[in-house]
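Please read the structure below before turning to the comments.
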Amino acid sequence: MRKTGIFYHYQQGERLRDFPRLLEGILDKPNVFLYDAIYPLKPRSDYDLEAAPSDLLSRVHTPRMLDQVARSPYYETALYSAGGTVQAAELIWRGEIDNAFVFTGVGDHHAGRDFFGGGCYLNGAALAIAHLRGSFGARRFAIVDTDAHHGDGTWDIFQDDPEVLYVCFCSGGNREHNNKLNVSIPGQTSDEEYLSRLEGEFGPRARAFCPQLIFWNWGYDNTRWEYGDMGLSPRCHEQMAERLQSVAEEVCQGRLLVVLCGGSGRDVAGYAIPGIIRRLANLG
Ligand SMILES: [Zn+2]
Ligand SMILES: [Zn+2]
């Protein structure tokens, strides 16, 4: 049975207000493990969530940028958000879990080597990759990015690194360089079209590239009425999860790490997140 880790830390703000309550009926499954932190009421929890360690931060970001991030009011949130991704990657790598969903308070794909913005402070996927390379000798990774916006930070960090496949689905133009690919999505699309582009553009590249783990930068800001509205329905996210999970099964023993990125609506989060986690944990 597939083992799924959920990484969760208490945070203020509207979009995740219904969590972890909405994970009832999921958390009690024997193959689902909750890692949480700074949650004042501390419900049932299997393990603690750790903040990203500072020696790791400086392997991805410049001292100048880290200094600015440390002075922002979101520093602690950023440390726990990125920390969840780093910890999830390590546990997947060790085989303790097969896949993971990381709740974040702030995003990561607009955080580059020496810049940050757009609600992103530290690049969790890049930190996790640096950690797995440094401590475990892992090399090759894929990052698939379905947030509505372009992951300029992730592109910046890995632009000279051919061992990271980055495929970003956003409204920017088509572009390809050194295993980084931008897939242009029209302003308005349908679930069917989007899913077929996801499958057609990411699937074959991932199969040819053979990553050791797949990160999915998942934003739901591309859902209808959201601030990056591409016309997608709330149901589409679970279908994306199903397809990406099956690519991960094919190329890297199901190692898939989902990082929450953009999106603001409480309803869409409440519907889509449990749907994705159910797929990851194979709960039907
Ligand atoms: Zn976005
Ligand atoms: Zn993009």
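Whatever order the structure lists ligands and atoms in, that order sets their numbers, starting from 1. Positions are given from 1, in the same order as the sequence printed here.
Taking the Zn ion (ligand 1) as reference, the nearest N/O/S atom within Asp147 carries the name OD1. Within His150, ND1 is the N, O or S atom that lies nearest to the Zn ion (ligand 2). In Asp221, the N, O or S atom that comes nearest to the Zn ion (ligand 1) is OD2.
Look at Arg207 and Glu250 and you find a salt bridge, because one of the NZ, NE, NH1 or NH2 atoms lies within 4.0 Å of a carboxylate O, short of that distance. Using a 4.0 Å cut-off between charged nitrogen and carboxylate oxygen, Arg197 and Glu193 do not count as a salt-bridge pair. Checked for salt-bridge contact, Arg2 and Glu249 meet the test: a charged N lies under 4.0 Å from a carboxylate O. Using a cut-off of 4.0 Å between Lys/Arg side-chain N and Asp/Glu carboxylate O, Asp98 and Arg255 are scored as not salt-bridged.
Within the 2.8 Å limit, Ser171 places no N, O or S atom next to the Zn ion (ligand 2). Metal site remark for the Zn ion (ligand 1): His149 contributes an N, O or S atom at a distance under 2.8 Å.
Between Leu127 and Thr85 there is no side-chain heavy-atom pair separated by less than 4.5 Å.
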